[in-house]
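Reminder, nothing fancy here: chain letters follow the sequence lines and each chain counts from 1.
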Amino acid sequence: NAGVTQTPKFQVLKTGQSMTLQCAQDMNHEYMSWYRQDPGMGLRLIHYSVGAGITDQGEVPNGYNVSRSTTEDFPLRLLSAAPSQTSVYFCASSYGGTRGEQFFGPGTRLTVL
Amino acid sequence: QQPVQSPQAVILREGEDAVINCSSSKALYSVHWYRQKHGEAPVFLMILLKGGEQKGHEKISASFNEKKQQSSLYLTASQLSYSGTYFCGTPPALIFGTGTRLQVFP
């Protein structure tokens with residue numbers, strides 16, 4: 001199993017550009033989530049999904065969209081990038097929702113100029 | 001609301017013990033603990049469930065007080081590999097705490 005994979009590993013955007021961060025898992029986990037981590041700070045929940053077709057907002061959802069059309073994939077879309085969105089983005093998945101161990105992807109380091 | 005962790009930072013010598021605390025302003029029915037090393041993704045340590053059930057790391061222990069809405073992580077006989085930042089997380093949507101940076105020196 002590849003576990004949780006994220007692409008790209010690094011990305012530089014200009015203010016106003018849009019892009020999609022990809023997240024995929026091959027463990028058949030129903031629960032998936034996105035976090036951002038600013039330098040020296042903790043993890044903040046952006047969006048999460050309890051299954052295909054179901055998504056909900058976390059602590060910091062503004063400026064981001066998600067969709068979950070399959071169990072395996074949970075892409076995160078930045079609509080119009082801003083410098084405040086410069087961060088490391090982690091995707092996670094689990095079996096059993098938040099009663100289960102969260103498996104994190106390696107992260108995407110995003111810089112917005 | 002984000003759980004609050006204390007202390008913010010801990011410095012230890014190898015072999016010393018440490019306790020990391022996690023407090024929530026809302027009712028808890030479970031608590032997660034993760035460790036993150038610099039430049040890496042968080043890694044699962046333990047889940048504590050209501051009723052006393054624990055799932056996770058054999059060499060790390062933790063407690064969960066549902067009434068006080070608190071959890072504590074106990075690191076005994078610390079090793080260099082214990083260095084990192086520790087986060088607690090509280091469901092339903094997993095919200096992580098403020099983090100505790102632990103450094104272990106020889």
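Under the 4.5 Å side-chain heavy-atom criterion for grouping Ile, Leu, Val, Met, Phe, Trp and Tyr, B:Tyr74 is not connected to B:Leu102 through any hydrophobic cluster. Placement of B:Phe96 and A:Phe90 within a single hydrophobic cluster is found when ILVMFWY residues are connected by side-chain heavy-atom separations under 4.5 Å, directly or transitively. Linking Ile, Leu, Val, Met, Phe, Trp and Tyr residues whenever their side-chain heavy atoms come within less than 4.5 Å leaves A:Met32 and A:Phe104 in two separate clusters. Under a hydrophobic-cluster definition in which Ile, Leu, Val, Met, Phe, Trp and Tyr are linked whenever side-chain heavy atoms come within less than 4.5 Å, directly or via other members, A:Val66 and A:Val88 are assigned to different clusters. No continuous path of ILVMFWY side-chain contacts below 4.5 Å connects A:Tyr64 to A:Leu45, so the two sit in separate hydrophobic clusters.
Proximity of A:Tyr35 to B:Leu94: side-chain heavy atoms (C-beta onward) are separated by under 4.5 Å at one or more points. Using a 4.5 Å heavy-atom cutoff, the side chains of B:Pro42 and A:Leu43 are in contact.
Looking at every heavy atom in both residues, B:Ile47 comes nearest to A:Gly100 through CD1-C, 3.5 Å. Considering all non-hydrogen atoms of both residues, B:Ala41 and A:Gly105 come closest at CB-O, 3.2 Å. Closest heavy-atom contact between A:Tyr31 and B:Ala93: OH-CA, 3.9 Å.
Contact count versus chain B (heavy atoms, under 4.5 Å) is highest, among A:Arg109, A:Met41, A:Gln37, for A:Gln37. With chain A as the partner, the residue from B:Ser30, B:Pro92, B:Gly89 showing the most heavy-atom pairs under 4.5 Å is B:Pro92. Each of B:Thr90, B:Val43, B:Ile95, B:Thr98 has some count of heavy-atom pairs under 4.5 Å with chain A, and the biggest count is that of B:Ile95. Per-residue heavy-atom pair counts under 4.5 Å with chain A were compared for B:Arg101, B:Gln2, B:Gln36, and the maximum is reached by B:Gln36.
Rounding to the nearest 0.5 angstrom, the gap separating the CZ atom in A:Arg99 from the NE2 atom in B:His32 is 9.0 Å.
Counting non-hydrogen atoms of neighbouring residues, nucleotides and ligands closer than 6.0 angstrom, the NZ atom of B:Lys67 reaches no more than 12 such neighbours.
Heavy atoms closer than 4.5 Å to chain A are found in the backbone of B:Glu40, but not in its side chain.
Between B:Phe44 and A:Phe103, a ring centre-to-centre spacing not shorter than 6.0 Å is recorded.
A distance-only check finds a donor-acceptor pair linking the side chain of B:Tyr34 to the backbone of A:Gln102 [under 3.5 Å].
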